[in-house]
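Working notes, structure below.
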Amino acid sequence: MRSMKVNLDKKSSSSYEIRIGYKIVDRMMLIISKNFKANRYVLITDNSVGSIYAKQMMDSFKDVGLNINRIEFSAGESSKNINTVMDIVGKLLEIGADRGTMLIALGGGVVGDMVGFIASIYMRGIPYIQIPTTLIAQVDSSIGGKTAIDLPVGKNLLGTFCQPCAVFADLMFLETLPQKEFNNGLAEIIKYGIIDDEKLFRLLSENMDAVKNRDSVVLLKIVENCCRIKKSIVEIDEKEQGLRRLLNFGHTLGHAIEAVSKYTISHGEGVALGMIAAARISEKMRYLDLTQLKRIEEIILQAGLPGKIPQNFSTADIMSRLVMDKKKKDDIVNFVLLKKIGMPFVHGGIDDKIINDVIEEMK
Ligand code: ADP
Ligand code: ZN
């Protein structure tokens, strides 16, 4: 098991450990029972993850003598709303959860975001632990303390910053993850390789087959690397005022494409297309050389992620979706561009025509 500490503020109270490994549930239980004592634990998960892992996890808590209850909700982004929050809070009250209770978020980003949100407001805040079970949650959403639910007009519009007391990422969970979900995580991993670490980029391109086969030894190295990158960015910029924006590489256009597809394009596919677009824009504006652009396109295709925007998506719709995002941010589209692999920067004034041309070329 590898472990790293996220140091936030000067106050040690907001620092916590991320632990990563393969089949670490037993050790995790020892750590929870020793370091994270609570009168009661409530395991919150979705019904898909629950049907595979809830019983085993409940038994693990009971085996070390901890008092544990379980709450499940329906899997999927469509559950990430205030109604589900109210249902869960109602159940917490029924169980008798109080300020001596600790929540355990077992699942992907949806579970993590929502449990974090509830933990941050239930009885003015109770502690929670993240046990991320998707690749994307292990390398991204479980670290950094962003919590949120969706509103009818958009995703993640109601939320808080609230750090967990610990994160346990067990690679064993990835063995049952559907391929599509695994690919979502791959896109984020490639993103880390592009924005932060030429070494990670090389490790990934040399071991892509092993990664795709979910080889736990290779994945451990990679997940650990990604967590380290995310953690060090979050440490410097907890509330996303500057540096943390670099994590949006590929996401500006990616989100627009996802939205225009009415979410038939997954987050990972959108980010893959957005990363290629951002790299092509960087090359057109003469920041990035062509050989580096080719390496980026190659690794994305090698991972089995898409390189082309479907013909039937209207460029005008994608552009207008970008402008919608623009309005939120004082009329500027903050695009993350590249000088080279490992050297991203935020560019605030890209000509619409360049973006438009790149979208057209990618069809
Ligand atoms: P994300 O982590 O990408 O934000 P979700 O939380 O929506 O995504 O999880 C994606 C889907 O994968 C959900 O249907 C969830 O139930 C399912 N899932 C999560 N973890 C696992 C796992 N380890 N094995 C099988 N299915 C899983
Ligand atoms: Zn993402």
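Order of appearance sets the numbers: ligands from 1, and atoms from 1 within every ligand.
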Margin query: Quick check with a 6.0 Å cut-off and a 45 degree axis cone: is Lys146 positioned over the face of Phe161's six-membered ring?
Written below: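 Geometry flag: not set, cation outside 6.0 Å or 45°.
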Next item on the list: Please list, in chain and residue-number order, the protein N/O/S atoms closer than 2.8 Å to the Zn ion (ligand 2).
Entry: Glu188 OE2, His251 NE2, His267 NE2
Among protein heavy atoms, which sits nearest to [atom], and what does the distance come to when rounded to 0.1 Å?
atom                    : result
atom 21 (C) of ligand 1 : Leu177 CD1, 3.5 Å
atom 17 (C) of ligand 1 : Val49 CG2, 4.4 Å
atom 16 (O) of ligand 1 : Asp46 OD2, 2.8 Å

Please list, in number order, the atoms of ligand 1 under 4.0 Å from a heavy atom of [X].
X      : value
Gly108 : 2 (O), 6 (O)
Pro178 : 25 (C), 26 (N)
Thr176 : 22 (C), 23 (N), 24 (N), 25 (C)
Ser48  : 16 (O)
Phe173 : 22 (C), 23 (N)
Ala75  : 14 (O), 16 (O)
Val110 : 4 (O), 5 (P), 6 (O), 7 (O)

Heteroatom proximity flag, [X] to ligand 1, N/O under 3.5 Å:
X      : value
Thr134 : yes
Gly107 : no
Gly109 : yes
Ala137 : no
Thr133 : yes

Salt bridge or not between [X] and [Y]? Use side-chain N to carboxylate O under 4.0 Å.
X      : Y      : answer
Asp59  : Lys55  : yes
Glu198 : Arg295 : yes
Glu224 : Arg228 : yes

Check: Is the shortest distance from a heavy atom of Glu181 to ligand 1 less than 4.0 Å?
Finding: yes
Item checked: Mode of Leu174 contact toward ligand 1 - side chain, backbone, both, neither (heavy atoms, under 4.0 Å) ->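 Within the 4.0 Å criterion, Leu174 makes no contact with ligand 1.
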Note to self: Taking 4.0 Å as the limit for heavy-atom contacts, which would you say applies to Ile136 with ligand 1: side chain only, backbone only, both, or neither?
What the structure shows: side chain
Margin query: Taking the ring centre of each residue, are Tyr41 and Phe36 less than 6.0 Å apart?
Written below: no
Notebook entry, point to check: So how far is it from Ile354 CD1 to Arg280 CZ, rounded to the nearest 0.5 Å?
Noted result: 14.5 Å
